[in-house]
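First up is the structure itself, then whatever we jot down about it.
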Amino acid sequence: MTNFTLKNGVLYAENLALSQIAAEFNTPCYVYSQAALTQAFTSFKAGLVGTNHLVCFAVKANPNIAILNVFAKLGAGFDIVSGGELARVLAAGGDPQKIVFSGVGKSVEEMRGALNAGIFCFNVESASELTRLNEVAKSMNKIAPVSLRVNPNVDAKTHPYISTGLKNNKFGVAFDDAISVYETAAAMPNIAVHGVDCHIGSQITELAPFIEALDLILGLVDQLETKGIHISHIDVGGGIGITYADETPPEFTAYAKAILAKINARNVKLLFEPGRALVGNAGVLVTKVEYLKASSKDSEAKNFAIVDAAMNDLMRPALYDAYHDIQAVSPRIGAAVTYEIVGPVCESGDFLGHDRTLNLAEGDLLAIMSAGAYGMSMASNYNTRGRAIEIMVDGDECHVIRQREKITDLFALESLLP
Ligand SMILES: *Cc1c(COP(=O)(O)O)cnc(C)c1O
């Protein structure tokens, strides 16, 4: 995380000390680096120069409109999974003609919204969805551009909850059914077959599963061609992992090179849907140590650092047993102790890190690293906790990009019985 480094003993985001940001905006607080977002996007594109491609940021990784706007200005497209995400992208200045719409449960209303906006493509995930989309498009006198998300039955070798390309996952059209569903699609009057796509999972740290899936997809494209169904774009999905601890995911350029080698001289547009890889290491969650709870003499007992961020702010540890590095914002010299870093929520699953060796005092600030992806986007109000404030740092300036939720906001939509 090169934009989050220690300077004179304090952790900085670009040129601003996290301690200064916390003093001004309080904790818990998500802090992003605009430079890190830009660097991630430009380095993702670096290996694709001169090719016909579109990089669609997967909005669900971090949907804040300021973040979407940074990517939109860099020319990004967007991968959305709901009508809500469509509205965000449009509010952020995203180009509708660069939007792909994924997801297994698109409603009639969501289809209408996307057809009205004039999106680039629907990533259709089932035969039933195709039938519905054809009807909706017909009722609007429109032709819906589609790509079928096929499920290549490839093991992404990642956490089962974020593996999506196996036969037993709910995603996509089974590979063996793909030809027949394409034939159905090609015969529908209000459907135009444009592409094929696959997305096999998330936090993938090897190239092999991507290539295995692409080989299968290319075989399918060739078979479709013999049946007179022409595929003009191939969407290879997202899923490239990031370094949380000691993972060594493929470099963007190596990933692009491996994919381009397979595409070879084919005349197709390539689409990518990276989420985590563009934002994961561009953000941290800053939290304050509320209490230290020392262990008893019992050797089984643990030391707890109870912080003011919790599973409702960052769900990944509780949900996937995910690891996030945790650093002191102003590291202390001296003997460290092993802590369970836990939040105030009433669940034993409410932890942010196990067995972290730190020298802490109550009131200290901690930075939960690599929290830019699936952090704020999965945050909830569990335990009636307002969601954290979000700050974007740009050099030595910072901007509030989402205010801290007020407690009264949390029940403003509720009513007492008459
Ligand atoms: C979540 C998702 C992505 C992004 O995945 P990352 O692992 O964050 O890159 C891309 N495409 C689809 C269809 C998704 O559901």
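Computed from a prediction, not measured in an experiment: that's the story for all the values here. Indexing begins at 1, ligand by ligand and atom by atom, following the structure's order.
- Between F120 and H233, the two ring planes are tilted [angle within 30° to 60°].
- Nearest protein heavy-atom neighbour of atom 2 (C) of ligand 1: K60 NZ, 2.3 Å.
- Looking at N303, L352, D355 one by one, the single match for side-chain contact (heavy atoms from CB on, under 4.5 Å) with E340 turns out to be D355.
- For ligand 1 and A58, the ligand atoms under 4.0 Å from any heavy atom of the residue are 3 (C), 4 (C), 10 (C).
- Judged by a 6.0 Å distance limit and a 45° cone about the ring axis, K106 is positioned over the six-membered ring of F101.
- Taking every heavy atom of R149 and a limit of under 4.0 angstrom, the matching atoms of ligand 1 come to 13 (C).
- Taking only nitrogen or oxygen atoms, main chain and side chain alike, I240 does not reach within less than 3.5 Å of ligand 1.
- For R276, a nitrogen or oxygen atom sits less than 3.5 Å from a nitrogen or oxygen atom of ligand 1, counting backbone and side chain alike.
- Each side-chain hydrogen bond (donor to acceptor under 3.5 Å, both in side chains) pair with one or both residues in residues 131-144, not counting sequence neighbours, appears once here: R112-S139.
- The shortest heavy-atom distance from Y374 to ligand 1 is under 4.0 Å.
- Using a 4.5 Å heavy-atom cutoff, the side chains of L18 and V284 are in contact.
- Only the side chain of D79 comes within 4.0 Å of ligand 1, counting heavy atoms alone; its backbone N, CA, C and O stay farther away.
- Considering only non-hydrogen protein atoms, atom 5 (O) of ligand 1 sits nearest to H199 CE1, 3.4 Å.
- Contact annotation: the side chain of K227 approaches that of E183 to within less than 4.5 Å [non-hydrogen atoms, C-beta and beyond].
- Remark: distances from the non-hydrogen atoms of P274 to ligand 1 include one below 4.0 Å.
- Near G238, the atoms of ligand 1 lying under 4.0 angstrom from a non-hydrogen atom of the residue are 9 (O), 10 (C).
- Near S102, with a cut-off below 4.0 Å to any heavy atom, the atoms of ligand 1 are 13 (C).
- Under 4.0 Å is where a charged nitrogen must lie from a carboxylate oxygen, and between R266 and D222 at least one such pair does.
- In terms of protein heavy atoms, atom 11 (N) of ligand 1 is closest to E273 OE1, 2.6 Å.
- The ligand atoms of ligand 1 that sit less than 4.0 angstrom from a heavy atom of G275 are 4 (C), 6 (P), 8 (O), 9 (O).
- Here the heavy atom of the protein found nearest to atom 7 (O) of ligand 1 is S202 OG, 2.3 Å.
- A heavy-atom distance below 4.5 Å is found between the side chains of L54 and K269.
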Mind listing the side-chain donor-acceptor pairs of residues 55-71 below 3.5 Å, one per line with the distance, residues two or more places apart or on another chain?
| unit_1 | atom_1 | unit_2 | atom_2 | d |
| --- | --- | --- | --- | --- |
| N62 | OD1 | N64 | N | 3.2 |
| N62 | ND2 | Y32 | OH | 3.1 |
| N62 | ND2 | G372 | O | 3.0 |
| N64 | OD1 | A66 | N | 2.8 |
| N64 | ND2 | E390 | OE1 | 2.9 |
| N64 | ND2 | I401 | O | 3.2 |
| N69 | OD1 | K73 | NZ | 3.4 |
| N69 | ND2 | A92 | O | 3.1 |

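- Defined by atom type and a distance below 3.5 Å, a donor-acceptor pair is missing between the side-chain atoms of E125 and N151.
- Using a non-hydrogen distance threshold of 4.0 Å, G239 registers as a contact of ligand 1.
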